[in-house]
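Proteins come first, then strands; the chains are lettered A, B, ... in the order of their sequence lines, and each starts at number 1. Keep in mind that what you see is a predicted model, and the values were worked out from it rather than measured.
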Protein chains: 2
Amino acid sequence: MISARVHYACLAMLELASRSSEEAPISLREISDQHGVPGPFLVQIFRSLRAAGWVQSVRGSQGGYRLLVRPEDVSLLEIAETMGYQDSGNPSTGKTTAAEMMLQEVWEEMSRASREILSSVRLSDLAERFHRGEASMFYI
Amino acid sequence: MISARVHYACLAMLELASRSSEEAPISLREISDQHGVPGPFLVQIFRSLRAAGWVQSVRGSQGGYRLLVRPEDVSLLEIAETMGYQDSGNPSTGKTTAAEMMLQEVWEEMSRASREILSSVRLSDLAERFHRGEASMFYI
DNA sequence: AGATACTTGACTAAGTGGATCATGTTTATA
DNA sequence: TATAAACATGATCCACTTAGTCAAGTATCT
């Protein structure tokens, strides 16, 4: 359902968001150390994040990455989609029998519900709670 | 999210359920022809369904499969789980940082929502609509 | 100049899902 | 009783994705 790639990307974006007040860019090394994400894998992930325009890279010594967007403008769904979340749809036999179509509706409803949850959580929501030290109590 | 394996299994169970009034068992050939599921793959699927106790096999000529449970006692979630739906949990770095735990909650909420939908649809619900010729309008 | 850090591209390794094949066993029926 | 229909079982295979690695290069600060 959620891949490690998406999970790591969200962790990284959350790290950037929660430290967006800092002047200096944040290096992959810091993120890797902080969250236990394999370094070389982070490189790949940031290539996608950069291509999507979410982050800006700063090369050279003291370089790293900086958030290019406001945390309140990014949802987890957008990050997940950038990382290839659900680019393949639901299974289908290709036939249009009643049974087939009924099941399709159920799968579709599931996808819709998942996307709804992902899109309802913005980076700023998480970063805010992060700073307050609240680790729980999202859903009422 | 939903694998072809689960999709095929649900189609097959739906076929058995909608024809559960018939005396003769239903052969894999019929299901394969009706729904366009690759024959040899159906064999595998029914091995799991049989092991789970959902169906009964009748060997020999004129053999096939028969439903062993009442359609109103089986939800799509149960079928999906029999076919290995989500036996691997959500990704995790293993760390217990605030960021990690917050994301875990979101992934957890997604799983919960999907399972909720799957468990709310019983085989009898679909079979009933199947007989009435209604192919749409599940959710109000 | 040298250390730090991102860039790019190719590459590997493992796992999974989808699908197939061969061979055997059971049973109805002509 | 022979034969065909149909399930039973086990092995195997291929394609694809995911996770992770490596190496050579470029930019920048000190």
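- Under the 3.5 Å distance criterion, the side-chain polar atoms of Glu109(B) are left unmatched by any main-chain donor or acceptor of Ile117(A).
- How far CG of Leu16(A) is from CD of Gln56(A): 11.0 Å, rounded to the nearest 0.5 Å.
- Direction change of the helix axis from one end of the helix from dA1(C)-dT30(D) to dA30(C)-dT1(D) to the other is 10°, with five pairs defining each end axis (rounded to 10°).
- In this structure, Tyr85(B) atom OH and dG17(C) atom C1' are separated by 16 Å, rounded to whole Å.
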Step by step, would you call Leu76(B) with Leu126(B) a side chain to side chain contact (heavy atoms under 4.5 Å, CB included)?
CA-CA 10 Å; Leu76(B) 292 191; Leu126(B) 296 176; 4.1 Å; yes
Trace of the side chain to side chain contact (heavy atoms under 4.5 Å, CB included) decision for Arg50(A) with Leu68(A):
CA-CA 9 Å; Arg50(A) 182 172 178 275; Leu68(A) 261 190; over 6 Å; no
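- Rounded to whole angstrom, the span from the CG atom of Leu42(B) across to the P atom of dA8(D) amounts to 13 Å.
- Among residues at least two apart or in separate chains, salt bridge (charged side-chain N to carboxylate O under 4.0 Å, His left out) pairs with a member in residues 33-44 of chain A are Arg29(A)-Asp33(A).
- Between Ser3(A) and the choices Arg5(A), His7(A), Met1(A), the side-chain contact (heavy atoms from CB on, under 4.5 Å) rule is met once, by Arg5(A).
- One can place CD1 of Ile2(A) at 16 Å from C1' of dA19(D), the figure rounded to the nearest angstrom.
- Contact between the side-chain N/O atoms of Tyr65(B) and the OP1/OP2 oxygens of dA8(D) is found at a separation under 4.0 Å.
- Across Pro38(B) and Ser32(B), no two heavy atoms sit closer than the pair C-OG, 4.4 Å.
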Assess whether side chain to side chain contact (heavy atoms under 4.5 Å, CB included) is satisfied between Ile79(A) and Tyr85(A), documenting all intermediate values.
CA-CA 9 Å; Ile79(A) 298 174; Tyr85(A) 173 70; over 6 Å; no
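- Glu81(A) places no side-chain N or O within donor-acceptor distance of the main-chain N or O of Glu78(A), the cut-off being under 3.5 Å.
- Rounded to whole Å, atom P of dT16(C) lies 18 Å from atom CE of Met1(B).
- Here the CG atom belonging to Asp73(A) is positioned 8.5 Å from the CZ atom belonging to Arg122(A), to the nearest 0.5 angstrom.
- In this structure, Leu49(A) places its CG atom 11 Å from P of dT7(C), rounding to the nearest Å.
- Listed in residue order, the members of residues 50-59 of chain A having a heavy atom less than 4.0 Å from DNA chain C are Arg50(A), Ser57(A), Val58(A), Arg59(A).
- Counting to the nearest Å, the C1' atom of dA19(D) and the CZ atom of Phe46(A) are 17 Å from each other.
- Comparing atom distances between the Val43(B) side chain and each of dT28(D), dT8(C), dT9(D) picks out dT9(D) as nearest.
- The aromatic rings of Tyr65(B) and Phe46(B) lie tilted to each other, with the angle between the two planes from 30° to 60°.
- Each of Pro91(A) and Gly60(A) was matched to the nucleotide of DNA chain C holding its nearest heavy atom; the match closer to the 5' end belongs to Gly60(A).
- Leu49(A) contributes atom CG, which lies 6.0 Å from atom CE of Met13(A) (distance to the nearest 0.5 angstrom).
- Residue Gln44(A) places no side-chain atom within donor-acceptor reach of the base of dT8(C), judged by atom type and a 3.5 Å distance cut-off alone.
- Within residues 10-40 of chain A, the residues having any heavy atom under 4.0 Å from DNA chain D are, by residue number, Pro38(A), Pro40(A).
- Among residues two or more places apart in sequence or in another chain, the side-chain contact (heavy atoms from CB on, under 4.5 Å) test is passed with Pro25(B) by Val58(B), Arg66(B).
- Take the nearest nucleotide of DNA chain D for Gly63(B) and for Val6(A): the residue whose nucleotide is more 5' is Gly63(B).
- Annotation: the span from Leu11(B) atom CG to His35(B) atom NE2 amounts to 5.0 Å, rounded to 0.5 Å.
- Residues from residues 75-82 of chain B placing a heavy atom under 4.0 Å of any atom in DNA chain D do not occur.
- The nearest whole Å value for the distance from the CZ atom in Arg66(B) to the C1' atom in dA6(D) is 14 Å.
- Distance alone, capped at 3.5 Å, is enough to place a donor-acceptor pair between the Glu30(A) side chain and the Ser27(A) backbone.
- Residue-to-nucleotide contacts include no donor-acceptor pair under 3.5 Å from the side chain of Arg5(A) to the base of dG20(D).
- Contact annotation: Tyr8(A) reaches the phosphate of dG20(D) (side-chain N/O to OP1 or OP2, under 4.0 Å).
- With dA5(D), dA19(D), dG18(C) as the candidates, the nucleotide lying closest to the side chain of Phe41(A) is dA19(D).
- Distance His7(A) NE2 to dG20(D) C1': 16 Å, rounded to the nearest Å.
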